[in-house]
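Before any comments, here is the structure.
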There are 2 protein chains.
Amino acid sequence: MKALSPMDAMFPIAEHRRQPMHVAGLQLFKPPADASPNFVARLVEEMRSFQKALPPYNRRVVFRGTWFWVEDEQFDLDHHFRHLALPQPGRIRELLAMTSRLHGSLTDRSRPLWESNVIEGLADGRFAMYSKVHHAMFDGVAAMREARNALSNDPSERGMPPPWARPRTTRRRSENALAQPASPLNALIQSMGLNYRMLPGALHGLRDLLRPASQELGDATPYQAPPTMFNVRISSSRRVAAQSYSLSRIREVGKIYGATINDVALAMCAGALRSYLILHKALPDRSLISMVPVSVRALDGPEGGNQVAIILAILGTELADPVKRLETIIASTRRAKERMATMTRLEQMAYSTAALSPMAFTSILGLDRYRPAFNIVISNVPGPTERLYWNGAELEESYPVSIPIDGQALNITMTSYCDQVAFGFTACRRSVPGMQRLLDFTENALAELESASTASRVRREKRPA
Amino acid sequence: MKALSPMDAMFPIAEHRRQPMHVAGLQLFKPPADASPNFVARLVEEMRSFQKALPPYNRRVVFRGTWFWVEDEQFDLDHHFRHLALPQPGRIRELLAMTSRLHGSLTDRSRPLWESNVIEGLADGRFAMYSKVHHAMFDGVAAMREARNALSNDPSERGMPPPWARPRTTRRRSENALAQPASPLNALIQSMGLNYRMLPGALHGLRDLLRPASQELGDATPYQAPPTMFNVRISSSRRVAAQSYSLSRIREVGKIYGATINDVALAMCAGALRSYLILHKALPDRSLISMVPVSVRALDGPEGGNQVAIILAILGTELADPVKRLETIIASTRRAKERMATMTRLEQMAYSTAALSPMAFTSILGLDRYRPAFNIVISNVPGPTERLYWNGAELEESYPVSIPIDGQALNITMTSYCDQVAFGFTACRRSVPGMQRLLDFTENALAELESASTASRVRREKRPA
């Protein structure tokens with residue numbers, strides 16, 4: 001019996017029927033060239049032979065005044081591991097419809113809080129895995145690391161255990177560690193580790209602390225975000241959309257404007273959100289503010305649990321010019337990172353509390369009494385940079401599926417894989433209608449930045465010397 | 001805006017994440033002989049063309065001090081109507097695994113409380129429909145009538161609208177009305193209609209009322225049921241098992257022992273429960289008590305809502321002799337029905353409150369403070385007696401899927417269709433392990449009664465005149 005950390009415990013507390021607190025991954029695999037027609041059925045059989053789960057996959061939560069992890073003495077693999085199939089015609093559209101439904105259902109609290117689904121029936125011969133874990137078990141980075149560590153660089157490797165049966169060794173963990181976030185943040189790890197334990201008591205002084213913060217452009221503080229159609233009470237059903245964009249295209253745009261990859265990705269989201277809000281006649285005069293969680297996990301830290309701090313970024317959605325939007329984002333994230341690096345521990349704590357409080361407290365405090373602290377959560381979770389395989393099947397695409405909450409009806413989470421950045425859009429199905437339009441709008445936003453840069457280069461080149 | 005009746009309103013009140021309050025039907029269809037390979041895909045397309053839902057399928061619940069039905073202005077058919085597929089090898093086993101999962105997820109309260117799923121991929125070429133409706137919309141009999149009225153006697157009929165788009169006419173309703181329960185109960189309809197409105201105030205005097213009730217054998221009163229493994233707090237995941245048994249076999253046994261079909265069906269359940277409890281070393285010394293809901297719906301009553309009274313039956317599970325078990329059941333149900341027919345209105349009300357109170361009040365009062373009022377709910381919902389078709393596809397099997405609740409981890413609901421009685425077993429997956437064993441045990445219980453009757457006939461025939 002092991003108590004959940006106060007931060008991990010926020011997730012079961014904040015969860016309710018309209019607001020499940022699990023994250024998920026949707027992976028698309030190509031069977032090996034020599035695969036037999038029953039490759040997937042045999043893979044499922046093989047996975048099913050691992051009837052025993054190792055920690056943390058064998059632990060369920062119990063509440064005894066506070067939340068604890070205990071071993072599930074009645075572990076039942078059939079509950080957690082499922083074999084599903086798409087209906088005809090087996091397009092990505094059918095896969096995303098299924099993913100939306102799977103993502104909308106609550107986990108069973110009497111059991112370990114995870115599910116693994118192998119999905120056959122894609123018309124192109126691939127198969128998918130949708131893997132759900134409760135946020136109390138893993139944050140986004142830890143979940144991504146789990147997914148990565150279950151796979152292999154070696155296309156010829158066979159007999160690989162599924163995630164729930166993978167033995168954890170220090171060797172394997174450090175060997176396969178993911179790229180870590182930028183260094184200024186890593187400096188905060190030790191202090192954040194302490195602060196999480198102080199979080200519940202920190203809420204009280206939060207607003208006083210934030211009020212005197214600088215109001216300069218590029219220095220977003222909570223409670224300056226405009227109300228939008230995304231900042232409403234959510235329903236319990238979900239819509240998931242996903243698409244990958246070329247990392248080299250994004251990098252190219254970043255070079256031209258002196259932006260990080262994350263800045264360009266935020267600008268793509270900003271352009272897409274602007275188009276979507278114009279379509280729905282709901283674009284506010286003031287810029288949307290995005291909350292951007294950043295990992296403060298140590299390379300040698302524990303595998304599970306939550307280790308996250310945040311920055312707030314001004315998205316420039318009120319600006320028609322895509323370059324000006326990107327410049328606004330660059331200035332905003334740069335200042336936010338500088339500010340975090342020089343923050344006192346009390347201020348860091350306030351920031352993190354602001355990031356977390358909507359999840360844990362909207363339902364208690366009542367949603368409508370406050371303006372939104374930010375309009376949307378946009379996460380960028382670093383992913384693997386090399387090709388990966390699962391018992392010979394090549395991982396072709398890998399998408400994060402995240403958590404809308406009351407007041408935050410749309411979540412955008414991105415992750416990189418080889419030469420791609422995979423965008424996962426997860427929304428309340430009712431509040432964000434026709435969300436799949438965001439996929440095209442995101443592509444358009446990237447294309448706009450590319451053509452603007454070509455135009456400016458052309459102008460520059462044409463300029464007389 | 002129309003208020004839910006106090007009885008209908010109990011279902012949203014009693015619902016929580018471990019205890020969804022929807023009932024469902026699982027139907028198996030055989031495509032017509034001349035069906036094209038894409039028959040199901042085209043049927044789905046055709047159903048999807050009915051984008052508009054008619055009442056009550058377009059109504060959602062809202063809470064404004066009490067519960068009301070309001071029209072869903074953002075009705076979204078894709079949320080309610082789904083096309084699914086079974087994984088290989090597409091057996092009934094895969095269908096029941098899928099049904100178990102579908103049945104375990106909550107409906108979205110921001111929308112009309114129903115779902116309709118067309119499931120392809122059965123290896124035998126059939127397809128299935130799993131249809132879920134919240135108990136606040138329909139009780140079992142009303143849901144069955146809905147299912148029946150959506151179908152046709154005519155195998156050549158095409159272009160039939162799906163249930164949500166079926167126009168309601170008085171003609172159609174009376175034409176297709178199901179067989180109604182025994183007449184003594186119908187006499188109670190008017191008074192019950194009044195009593196439902198008085199229910200909340202009736203709880204207080206309930207136990208006083210029941211205490212002086214007769215303790216004779218065959219006159220089961222609440223609070224004499226032994227504690228069993230079924231009378232526990234439930235988890236949120238479900239297991240569904242289903243099988244049909246020959247109505248003529250059941251009728252034959254009934255004739256021999258002077259039992260109704262319902263009595264024999266109860267005896268089959270009793271025998272199966274005894275075997276299951278022996279297997280789990282958990283058979284109590286005293287008999288299990290079954291709560292048997294009986295419909296008090298008028299032939300010309302409204303189509304939706306809940307109109308149910310109850311009787312309690314002694315199942316004789318402590319008796320090894322199958323004939324003695326059946327005789328116990330016969331005596332018990334006969335007395336219960338006689339008693340209901342002569343009851344004062346106050347007593348009827350007490351009975352109905354006893355039947356309903358566990359659903360609405362276990363979570364409020366706390367489960368462990370009371371012994372179970374009964375051990376298991378066994379319903380027998382009358383079904384259609386003639387072959388039915390859905391756009392040319394023949395309905396071959398039709399199973400009810402019901403509601404386990406805290407304190408009642410296993411539900412058995414039966415319905416008749418032509419020459420079959422379809423048994424649907426719905427349980428908390430954690431509390432009732434290996435529940436599919438009940439299917440064989442139920443068959444065995446029927447076979448035991450048949451061979452006992454053959455033996456007794458042989459003995460009688462051999463007896464010297």
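Residue numbering restarts at 1 for every chain, and letters A, B, ... go by the order of the sequence lines. Side-chain atoms are counted along with the backbone in the values below, which use heavy atoms only and exclude waters and symmetry mates.
B:Asn38 is not listed as a side-chain neighbour of A:Gln88, based on a closest heavy-atom distance of 4.5 Å or more. Residues A:Arg17 and B:Thr107 meet the side-chain proximity criterion, which asks for heavy atoms closer than 4.5 Å. Residues B:Arg430 and A:Asp72 are in side-chain contact: their nearest non-hydrogen atoms beyond the backbone lie under 4.5 Å apart. A:Arg101 has its side chain out of reach of B:Asn117: every pair of non-hydrogen atoms, C-beta onward, lies at least 4.5 Å apart.
Annotation: B:Arg42, atom CZ; neighbour count of heavy atoms from other residues, nucleotides and ligands within 6.0 Å does not exceed 12. The environment of B:Arg93 atom CZ is sparse: at most 12 non-hydrogen atoms of other residues, nucleotides or ligands sit within 6.0 angstrom.
To the nearest 0.5 Å, atoms CZ (B:Arg429) and CZ (A:Arg111) are separated by 6.0 Å. Annotation: the span from B:Ser235 atom OG to A:Gln74 atom CD amounts to 9.0 Å, rounded to 0.5 Å. Taking SG of A:Cys428 as the start and CG of B:Asp108 as the end, the distance is 7.5 Å to the nearest 0.5 Å.
Options A:Arg109, A:Arg239, A:Met98, A:Glu94 differ in how many heavy-atom pairs under 4.5 Å they form with chain B, and the most are formed by A:Arg109. With chain A as the partner, the residue from B:Ala41, B:Ser237, B:Ser105 showing the most heavy-atom pairs under 4.5 Å is B:Ser237. When each of B:Pro433, B:Gly90, B:Ala85 is checked for heavy-atom pairs under 4.5 Å with chain A, B:Ala85 comes out on top.
In this structure, the portion of A:Glu120 lying under 4.5 Å from any heavy atom of chain B is its side chain and not its backbone. In this structure, chain B has heavy atoms under 4.5 Å from both the backbone and the side chain of A:Leu84.
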